[in-house]
Number of protein chains: 2
Amino acid sequence: MAAKSEQTRQLVANVALKMFREIGFEKTTMRAIAQEAGVSVGNAYYYFASKDELVQELYIQVQDEHATMAAQALEGVQDLAGRLKAVLHSGIDVMAPYHQFGSDFIATAIRPTSPVNPFGEASTAAREASLAIFRSAVEGSSPAVAKKLRGDLPELLWLAYMGVALFWVYDRSEGQRRTRKLIDGAAPLVARGLSLAKIPGVSKVFDDVLGLVRRVKEDS
Amino acid sequence: MAAKSEQTRQLVANVALKMFREIGFEKTTMRAIAQEAGVSVGNAYYYFASKDELVQELYIQVQDEHATMAAQALEGVQDLAGRLKAVLHSGIDVMAPYHQFGSDFIATAIRPTSPVNPFGEASTAAREASLAIFRSAVEGSSPAVAKKLRGDLPELLWLAYMGVALFWVYDRSEGQRRTRKLIDGAAPLVARGLSLAKIPGVSKVFDDVLGLVRRVKEDS
DNA sequence: ACTCATCCTTGAACACGTTCAAAATTCGAT
DNA sequence: ATCGAATTTTGAACGTGTTCAAGGATGAGT
């Protein structure tokens, strides 16, 4: 049983996540987690260097679940609008139990030094996994997305997804109805907007947008 | 001199803002502010209910300065792209001294309960002032923006500005060069994109976007 | 000059996240 | 079984934001 240590780690993580869900971020103090898990405060810190790292644990778990659910929801859906909806809705579904926790999570995540920061070093794996979902949504769609857009689109959609998540955090409507409405409205619009790439005048603007994105991204 | 009280308040605020600029958010402890200002900790709390309210003081001041500088930078500039650049660049200019402070500010601001939250109750005035800047940028431009866009555009641009501010916070390039580049590239693109509203196929998509924005906003 | 209600100011105290030296436990090697 | 090093666990202590009962200052009405 080399897993004695891992057992304690999991115990602390599980207790923490459960408390996050049930009583929120602020009321879930490190002392409360330790007490509930039956360990000392210092021991919790032996496994998680900060409260933020417990949030990261949650982030990773949510991300994993999203990947699974999205893959399932994408099955048999061909058109881009439908595929976008599938990915976005499943994302919201997975996050739902943590809605009250959302703003604290984002306040944590937005700090560049936080391990949970979606743009940061520490969550490279989670971000890649999330990006892969959008890549699959784009690549598997038919009719196919214009070739010149195909490369950058997943990243832009992922960025838009961050925006949707932000909207969701602030969404006080019951069951976050408004976010659902936003997704249902925006997904077909994005698909239709992209199909305009064929129009010459529009095509040029698209090119410039992509050019700008690349230039800013690479800090040339 | 009914201003004895106001004097203390200003003293605390000024010391706090100076320390925010010079040593950052975390190192500027309430105890340090009190000591530097020569008052007790409790006294600082008599005027500002929380550290967040001191951040709000900063937010309001930055917003005020932005309004002044933007109005000045808009003088004599006719085209929308130029006017957008003027507003965005002056915004970045005003925030520049607080760049290292940026992420802490945003982490504070993003919390729905925070007085600094740009969407929240407590900063209605500051938000309106900021919106007014964009309204003036849009309304004063010539050639004029398509009539059907004129109503919602300022709000959308303000939202985009929030995005630019977020980008700026993460921008580690010297002098935030990349943000400048983003502004210079995006402003003409937005202007050109909007001019596409004349094309029938595009016009329809624009209509739908506006429709969606209105529907989601009003939570119908 | 005196009163008293209102406004200011104080500093000790609380709960929090986090740290750390020390103690307890585990486990492979003998 | 025993030793010793590595791993795991403990709880007191630190500095933080924040609260609050207590006291001090102020000023209008007499």
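Computed from a predicted model, the values in this text were never measured in an experiment. Chain letters run A, B, ... following the sequence lines, proteins first, then strands; residues in each count from 1.
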request  = For the residue pair A/P118 and A/R127, establish whether any side-chain heavy-atom pair is separated by less than 4.5 Å.
outcome  = no
query = Expressed in angstrom and rounded to an integer, what is the separation of B/I33 atom CD1 from D/dT16 atom P?
reply = 11 Å
Please list every donor-acceptor pair under 3.5 Å in which a side-chain atom of residues 39-48 of chain A meets a protein atom from a residue at least two apart or in another chain.
unit_1, atom_1, unit_2, atom_2, d
A/S40, OG, A/N43, N, 3.2
A/Y47, OH, A/S5, OG, 3.2

Cation-pi geometry met for B/K27 and B/F20 (6.0 Å, 45°) = no
ask   = In whole Å, what is the span from the CD atom of B/Q7 to the P atom of C/dT9?
value = 10 Å
note = Readout for nucleotides 12-22 of chain C: B = base within 4.0 Å of protein heavy atom, S = sugar-phosphate only, - = neither; 5' to 3' it is -B--BBBBB--
task = Give a yes/no on whether any side-chain N or O of A/Y46 is located under 4.0 angstrom from OP1 or OP2 of D/dT9.
result = no
ask   = Do A/W158 and A/F119 have ring centres separated by under 6.0 Å?
value = yes
request  = Could you tell me whether A/F48 contacts a base, only the sugar-phosphate backbone, or nothing, with contacts defined as non-hydrogen atoms closer than 4.0 Å?
outcome  = nothing
request  = Consider the side chain of A/S40, meaning its heavy atoms from C-beta on, and name the nucleotide among D/dT10, D/dT8, C/dT9 that approaches it most closely.
outcome  = D/dT10
message = Nearest whole Å is fine: how far is C/dG11 P from B/Q35 CD?
response = 12 Å
key: Minimum-distance nucleotide to A/T8 side chain [options: D/dT9, D/dT10, C/dC8]   = D/dT9
key: Under the salt bridge (charged side-chain N to carboxylate O under 4.0 Å, His left out) test, residues paired with A/D93 that sit two or more places apart   = A/R180
message = Ring-plane angle category for A/W168 and A/H99, please: parallel below 30°, perpendicular beyond 60°, tilted otherwise.
response = perpendicular
task = Could you state the atom-to-atom distance from CZ of B/R9 to P of C/dT9 in whole Å?
result = 13 Å
